[in-house]
Structure formats: C-alpha cells, structure tokens
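This report refers to the structure that appears directly beneath it.
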2 protein chains.
Amino acid sequence: VITVLCGGVGAARLLSLLQREATDFEFTAVVNVADDLVLHGLTICPDLDTVTYTLAKINNEVMGWGLVDETWRVNKELDKLGGQAWFQLGDRDLATHLYRTQRLAEGATKTEVAGELAAQHQVGLPILPVSDDHIATYLETDLGELSFQEYFVKHRHGVPVSKITFRGAEVATPTKEVLTALSTSEHIIIAPSNPLLSIAPILAVPGITDLLKARRQSIAAISPLIGGRALKGPADHLMSELGFESSSYGVAAYYGDLVGHWFIDEVDSDQVVRIEGLGATVTVLPTIMAEPTSASALAQGILSWLN
Amino acid sequence: VITVLCGGVGAARLLSLLQREATDFEFTAVVNVADDLVLHGLTICPDLDTVTYTLAKINNEVMGWGLVDETWRVNKELDKLGGQAWFQLGDRDLATHLYRTQRLAEGATKTEVAGELAAQHQVGLPILPVSDDHIATYLETDLGELSFQEYFVKHRHGVPVSKITFRGAEVATPTKEVLTALSTSEHIIIAPSNPLLSIAPILAVPGITDLLKARRQSIAAISPLIGGRALKGPADHLMSELGFESSSYGVAAYYGDLVGHWFIDEVDSDQVVRIEGLGATVTVLPTIMAEPTSASALAQGILSWLN
C-alpha cells in the first residue's frame, strides 16, 4: 500500500492518475481537515469531498471544484433571503453536507462518514481524514484574522498573510487508521498540494511528523511549484509572504528531513543540486497533470521510484 | 390588535382569511415551536414557516405544505447517498433552514429570525414564536417514543398515541413580545389547529395559560373538528386515543375556561347547549376555509364577534 498525504485538487488529480496508471499498487489517501467549516449548521469538508468526487469521476472539470451536473437553486434562494451565499453551495454538493452533518449528529466519526461517502460513490480506495478532531486554519492578514474559507473563497486568497495557525491541531489525535496507514505502507507520497495550507496542518497533528521523519527513505514528494509559480491557489505568494523561497527548492527546504525523494518539474532542473544538498534524491520530469503526456511521464517517474 | 394562537396550515389559512376580510384590524401570530426539529444540523420550524409562506402567498396550495415552485434536487441526491430523505426537504425551503440555522449560530433568537424572514417575504404582520427556548413534542406510541416529525411525517400520524409530552416546555419562557401581545391585544383567537399537538404546547409554556384564563371574555376559538372529523391531520383520532370526545364539544371541554366564545360548524349545531354548559357563548356557521363561500361566512362571523 502507498499512502498519499492530500490537500484538495492537486492531490485528487495525483490519486486519480496513480489509480489509472499504477494499477499494481493499492493507495490510501490521508486528507487534510483544517479547511473544514461549519456553515449554516452544516459540516463541510472541502478536501475530503474534492478527493472523493474526483476519484468517483463526478468532479466538475470545467469549474475546477465541486460536482459535475451541479445546480444552485438553494444558494440562489438563500441569496434572495439575504443569507451568506458567498460559499456558493451547489444542490448536489449540499446533499453531501446534509448527509455528513446528520451522521455526525448521530455519533458517527468523520472517518466513518468519509468511508460511507466513498463507498456510496464507489471510490476504490480508503479516504481517511487525518483526524476526527476539530482543526481549523486561521490566517493573520491585512484585513485581520480570517478563517480559511473567508480567506480562500470570500477574499479569493488575494490578501497578504503574515501568519497561519491550525487551531486545535496541538490537541488533536491522528486516527488509528491513519497511524496504521503511515506506519505500514511501503511508501508515502506527499501530493503537490499547498505545503503551508494543506500539508502543514496534517504534519501539525501530534505524532505524524515524528512518524514520517523515521521513514524518510520511504517518502517522496512532488513539488507544487513550477518555475516558482503554483498552477492553482496561493502557494507561491504565501511562501514568499511567510519568508520562504517560492520555488521547488523552497518547498524542499520547508519539508526538510521529512522527504527522501523529490519529483520536480523540468523547468526547475537548476535546483537539483541545492535540493540534493538537503539530503534528498531528485527526479526531474514533467509534472503538469492537466496535460496527458506530462501526466503520464510523472506517473512513470513515480512508478520507477516505487519499484 | 388581535392575537392569534397558531399551529401550521389551519392557522395560516385563518390568518390569511382575516388579513383579507378583516382589513380594519391588525393581527399578530403567536406560533407553536414544539414541532421544530434539527435535521442534518439544520433548525427547521415547520409551523413558523407554514404561517410565513402562506401569508407571503408563496405556499404550495396543491401539496398543502411547503413552497410553490419548489424543486427537490438536494433531497434526491441525499436519497441516493442513503441519507434521511423522508422529510422531503425542498430546495427553496432549504434556503430558509440554512438562513435560520446560520443566524441562530450567529446569536440571533428564533424571534429575530422569524421577523427577518417575515420582512424578507413582505408578510404584513408580526409572526412570533411562543418562546425562543427549545421545546420538543414527543409521543408515546405502539412503536415506542417518537419525535413529532417521526410521528407526523415518517409514520404519517397513523400510529396510536398513548401520551404526549412537550419536553422543555416547563422551563421555557414566553418571549416578551408574546407576553405583550397576549396582554395588550383586544381579542385573542385560538386558530382551528390541532388542540393537542399545536395549541397545547403553546399553553404549556409557563405564564401563558394563566394570562389567558384572566382574559376569557376576550378569547374565541374555532373548532378544528367538523362532525367529529379533522379536515387535515390526526386531531380527531388523537382526541379519542387520549380519552377526549372527538367532537367540537370535546375540544371545548379540553380548553375549558380558557375560551369565552366558540365558532363551530353548522354540522355540529346539536352541540351548542353542551358547549354553553361550559360557560361559553357559541356561533354556529360554516367553518371550512378551503371553500370561498364558507370562508367568507366564517370571516363575517368572526368580524361580528370582534365588533
């Protein structure tokens, strides 16, 4: 089994690619929950849902988020009532949130609900929230402290950030399913998700980082930055705003001795020596998964490392 | 001002009729909240919503509940996920519940939210929940104890009931708006709502019954039973199951010295003497509001009593 540490879209694409191209392997997804929010009383888990929808092949490729064949009747009516319509909840998507919230109220864990939703959507691999406990990202910005979704959706991640905190992380416990996956899987892959917003809150859960450090040689990561830029989201400017170099090397330095092997894009080949200087090996290859040839090359590269 | 004690559909019809025909008067609705439920994390107030939707003329006349121009996309998807789709939440209706739940989470009271929704729907009269506190109807039945909505929606009020309790009622407080309405309005009308399920939980809030007893001569009620039968809902068989006579007299005896004047249907004219025996005056007239001629006669009867 290969365990993949996941944020949202980038991780979902990687899992989807691996499920298609690395059919000899089994995968387990360990997913960030610090983006989760309660809105209108509903517990919403954007990263879990993005991974689930993408693996179920019902994600909306055109919008880049949410579900295919989506409608927004409820949100339109909510807007008319003067409600908080900024989150743009789709009708199909709402069913997921209603289902999850009811099951949680009945006493199910987030892990159990994620399993039920994965089963109902016939996703072929375990999708595990890193913790069943409440963890919430807050960002200090020029507009004051913002919750993750206020920053990401309401302000379209356009506000400069001076500090990120993961409330609740220090007292959260990783689930036993996650601990088992991370200790027993042959390899661990860190998806090209936002290091500071998606992977950091996984690493912040007590026990996870120590467990990973002991397994450095089994751990590979794919750089989310290509030529210093993120394909999607604020990873590039967030790195700079928080004092890190906005490059593949910067991400490698940020993860430090957690990662034994790096996959970086051809554009960043000049950074190989610096990354090797951190004690990791490096594969240089095309990493853009949205493009079939490039995605296939990335999959082949990962397969070589796995074998 | 005339204050009307309200359950759902019957009360909504009465208020609608009075608003149309008794234009010289102002009305205030005091509404039952014991049917309210939390489902999928959403706070749902069926009686408040029925009254609001009906007065806003956006109620669904064909179905007899919910909103006109309704769709059920979310509920269909929820059903596919194996969720609790029995409550049949409509998409438009869901917007109300999302709005209310969010506002309550922000610290607004049920009274404030009811006022906001009434304003947004341009309802011309105050719609007041009897209390901002949590009150919940439970029924002892042959299938064990059921919550109100399990009894009413899931089992279509078809299960025999041996006992009804209004949990939380004894420690609930009527709102100051409700106390003001009940003490200062010239007349109070008890709508033809279910006495045991809709009006009883209003009367069960400490202070309400005492306040009403002191004003018996200003209080009229419309019998919800016609020839011993309810037009809608389980009022008739519930009366029998709980040891009351299922008739206009039975309802009058149940309310006892709360009501100074009764409006009963022509079909029940043989019960006038028995009801007068309870110390009330009686008007016999057509009471079926779904029929225009009959509704108009009822309105005229009420107007005579008011003047």
Side-chain angles (χ1 to χ4, degrees), chain A residues 36-45 49 52-53 56 58 66-106 108 112-123 147, chain B residues 37-45 49 52-53 56 58 66-106 108 112-123 147 149:
Chain A
D36 296 5
L37 72 159
V38 175
L39 186 66
H40 316 296
L42 301 172
T43 299
I44 303 174
C45 304
D49 290 345
T52 305
Y53 295 163
I58 53 172
L67 283 155
V68 76
D69 186 26
E70 187 58 286
T71 50
W72 284 270
R73 180 90 203 270
V74 176
N75 205 66
K76 259 176 232 158
E77 296 291 332
L78 182 64
D79 200 19
K80 281 192 217 163
L81 290 177
Q84 294 203 23
W86 58 272
F87 197 68
Q88 294 284 334
L89 284 167
D91 298 329
R92 280 191 86 180
D93 194 34
L94 259 168
T96 301
H97 312 319
L98 295 179
Y99 179 84
R100 173 181 290 116
T101 305
Q102 181 64 27
R103 291 289 295 125
L104 293 173
E106 289 165 6
E112 288 168 339
V113 180
E116 291 166 10
L117 289 168
Q120 279 143 359
H121 287 300
Q122 299 180 285
V123 169
S147 71
Chain B
L37 72 159
V38 175
L39 186 66
H40 316 297
L42 302 172
T43 299
I44 303 175
C45 304
D49 290 346
T52 305
Y53 294 163
I58 53 173
L67 283 154
V68 75
D69 185 27
E70 186 57 289
T71 51
W72 284 269
R73 180 90 203 270
V74 177
N75 205 65
K76 260 176 231 156
E77 295 292 332
L78 182 64
D79 199 20
K80 281 191 215 161
L81 290 177
Q84 294 202 24
W86 57 271
F87 197 69
Q88 294 284 333
L89 285 167
D91 298 329
R92 279 191 85 181
D93 194 35
L94 259 168
T96 302
H97 312 319
L98 294 178
Y99 179 85
R100 173 182 288 117
T101 305
Q102 181 63 27
R103 291 288 295 124
L104 292 174
E106 289 166 7
E112 288 167 339
V113 180
E116 291 166 7
L117 289 168
Q120 280 142 357
H121 287 300
Q122 299 181 284
V123 169
S147 70
Q149 299 297 342

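Quick note on labels: first sequence line is chain A, next is B, and so on, each numbered from 1.
Top candidate by heavy-atom pairs under 4.5 Å with chain B, chosen from A:Lys76, A:Lys80, A:Gln84, is A:Gln84. Counting heavy-atom pairs closer than 4.5 Å to chain A, the top residue among B:Leu98, B:Asp93, B:Asp91 is B:Leu98. Contacts with chain B were tallied for A:Gln120, A:His97, A:Arg73; A:Arg73 has the most, counting heavy-atom pairs under 4.5 Å. Note: B:Val74 leads B:Thr71, B:Leu39, B:Val74 in heavy-atom pairs under 4.5 Å with chain A. Heavy-atom pairs under 4.5 Å with chain A were tallied for B:Gly41, B:Ala119, B:Ala85; the largest tally goes to B:Gly41. Residue with the most contacts toward chain A among B:Leu81, B:Thr101, B:Leu94: B:Leu81 (heavy-atom pairs, distance under 4.5 Å). Among A:Val38, A:Asp79, A:Asp69, the residue with the largest count of heavy-atom pairs under 4.5 Å with chain B is A:Asp69.
A:Leu117 approaches A:Arg100 most closely through the heavy-atom pair CD1-NH2, 3.7 Å. In plain terms, the two heavy atoms of A:Leu89 and A:His40 that are nearest each other are CD1-CD2, 3.8 Å. Closest approach of A:Gln88 to A:Trp72, counting heavy atoms only: O-NE1, 3.2 Å. Annotation for A:Tyr53 and A:His121: closest pair CE2-NE2, 4.3 Å, computed over non-hydrogen atoms.
With a 4.5 Å cut-off on non-hydrogen atoms, A:Gln102 touches chain B through its backbone and its side chain both. With a 4.5 angstrom heavy-atom cutoff, B:Leu104 does not touch chain A via any of its atoms. In this structure, the portions of B:Glu77 lying under 4.5 Å from any heavy atom of chain A include both its backbone and its side chain. Both the backbone and the side chain of A:Thr96 come within less than 4.5 Å of a heavy atom of chain B. When heavy atoms are compared at a cutoff of 4.5 Å, A:Glu106 approaches chain B solely by way of its side chain, counted from C-beta outward.
Considering only heavy atoms from C-beta on, B:Gln149 stays 4.5 Å or farther from B:Ile44 through its side chain. With contacts defined as side-chain heavy-atom distances shorter than 4.5 Å, the pair B:Asn75/B:Phe87 does not qualify.
Salt bridge A:Glu70/A:Arg92: absent, no basic N to carboxylate O contact under 4.0 Å. Under 4.0 Å is where a charged nitrogen must lie from a carboxylate oxygen, and between A:Glu116 and A:Arg103 at least one such pair does.
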